[in-house]
Amino acid sequence: MCGIIGYSGRRQAAPILIDSLGRLEYRGYDSAGIAIFNNNTVEVYKDKGRIADLEKALPDISGTVGIGHTRWATHGRPNKVNAHPHTSGNIAVAHNGIIENYQQLREKLTQLGYIFVSETDTEVLAHLINYYYKNNLTDAVVPALKDIKGSYAIAVLCGSELVAARKDSPLVIGIGENENFIASDIPAILKYTRKMIFLEDMEIASLTPDSVLFFDSNKRQIEKQINIIDWDMEAAEKSGYEHFMLKEIHEQPRALHETFAGRISELEGTITFDSLDLTEDQIKDISRINVIACGTSLNAGLLGKYLFEQFAGIHVDVEIASEFRYVHSSPGSLVIVISQSGETADTLAALREAKSYGCKTLAITNVMGSTITREVDNVIYTRSGPEIGVAATKTFISQLGVIYLLALLFGKIKGKISSDQMKRMLVSLKQIPAQITRILGNKEFIEIYAQIFSNANDSFFIGRTFNYPIALEGALKLKEISYIHAEGYAAGELKHGPLALITKNTPVIAIATRGITYDKMVNNIKEVKAREAPVLAIADEKDIEIEKYVDGVVKVPSTEDIISPILSTVVVQLLSYYTAKARNCTIDQPRNLAKSVTVE
Ligand code: M6R
């Protein structure tokens, strides 16, 4: 996600803002900016590119109150105009999150005479606050926030007034001596203070050098507790988690929430992708899809095959990107490339090959402005925020989120699913972030099972139908970070060879959530149990049968069978993580691997 900083004190604000933004650099960003109150005006300096370049370009500005931002583009390209802070008159806003109803607000504000210069959703906030502003910034922020739908963490500057607020996006207030701070992340301000107050959803803070007042969404004053943070800088960068991977696993509810934001209306049973430039007639004409990807993104694509075929009746071929050039595709098929980084060389080469056949192309990616996004016809962003651990976790969950929506949308347009089915699926999908949070709440239980795995040399992950891609993903995660040999198998395929490898020393993870293949899955579990393999099942919380057949069960919340793979994913991620931890592996930087694989 993007980074926010705010300062109100007696020192010069600019060096503090720049220094604090620099401390968020490790998270990745595409542009940066600051706004300072100086000589009775709010001055803004921002640009695409690095903070160091922004710093070099700064004139000699004085001012003791200001805000800053590092942007990770979601709405609008990474460039100077779209960089934050955004202004309206003397009001400047830095924002993290997504304003879902920004189009409607933009139209309304345009009619009122406000002129928009950027492509961002944030600019509506600046104008909206300006619209409500009389003579007190908090009084203007309160009604503006009532008008917006979506998620936000904001720092707002107007003259010497500094206000912060949040909903579904983190924000912390740092308490100093004669100075106070706003930050989206603790490391940004840890050098200046260890006294932190965490804002909760719908809370607002008004800062001066000597005081911070807290309000609820109706501007009733509230009391907040100060926390003393004793983390060192490295721990702070990971929000106190031992590894980025664990932090990113915990960020999945929020990542998925952002993936869905503004795209789903479960009441109306509709799905909208602003960036999808395909007409209903073009979608109706799609009879074949080629999904191209590598690694974890390939596993997301494989689940997509089940979803597009089931929801939309479209035949899907899933191609390993590095093999695609040898299989050829027909010009009539829609080619979907999936890549969290948008830079994977194999995927890029395959995309170029597909374009040379005349195929229409669509990318699902997390990085705005990446090479793949510049070469495809359509892009859908996953909006997971920057991912630092080499093992893809939250980006995978968000890829799945996009693929579910896309398959449902195509199914609806093709008349393959009814409005009722659509609404039911959307209601269930909307519940998934909270259900992931429940799984995360039981992670200690998964850690215990990981101890068993940590002594194994070989292991198997098995599943059927839409659980099969998650078996592959579980095996990939485990081998990638724990260096244990792991195979992902369609459970029905075991008896055609790999069963010969099953012994009491090969733990098996069986993804056995309910569904049409459940009974067959139980038979497969019996097969491996007969060879004395220790079996851990991932099962629906209402399943009281499964315990009889296995050595351990991790239960996941009940949902639609076809949606349950998202929940099972979190279990295999945690299992891999804790196994790697028990083996003292360098989890965030596994040997021989890179986050972005830019060589073929
Ligand atoms: O950036 P991409 O999604 O294109 O990357 C593809 C693979 O290199 C990547 O998913 C890799 O398999 C992950 N490190 C797995 O965790």
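Residue numbers run from 1 in the order of the sequence given. We count ligands from 1, going down the list as the structure has it; atoms in each ligand are counted the same way.
Counting only heavy atoms from C-beta outward, the side chains of Phe460 and Leu494 approach each other to under 4.5 Å. The closest side-chain heavy-atom distance from Glu387 to Thr393 is below 4.5 Å.
Listed by first then second residue, pairs satisfying salt bridge (Lys or Arg N to Asp or Glu O under 4.0 Å) with a partner in residues 240-249 read Glu242-Lys581, Lys247-Glu251, not counting sequence neighbours. Applying the ring pair (Phe, Tyr, Trp, His ring centres under 6.0 Å) test to pairs two or more places apart or on separate chains, none has a residue in residues 370-405.
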Side-chain donor-acceptor pairs under 3.5 Å in residues 438-448, sequence neighbours left out?
from   : atom 1 : to     : atom 2 : distance (Å)
Arg438 : NH2    : Glu541 : OE1    : 2.6
Lys443 : NZ     : His250 : NE2    : 3.3

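For Asn82 and Ser31, the side-chain atoms include no donor-acceptor pair closer than 3.5 Å.
Using a heavy-atom distance under 4.0 Å as the criterion, the protein contacts of ligand 1 are Cys294, Gly295, Thr296, Ser297, Ser339, Gln340, Ser341, Thr344, Val390, Ala391, Ala392, Lys477, Glu480, Val597.
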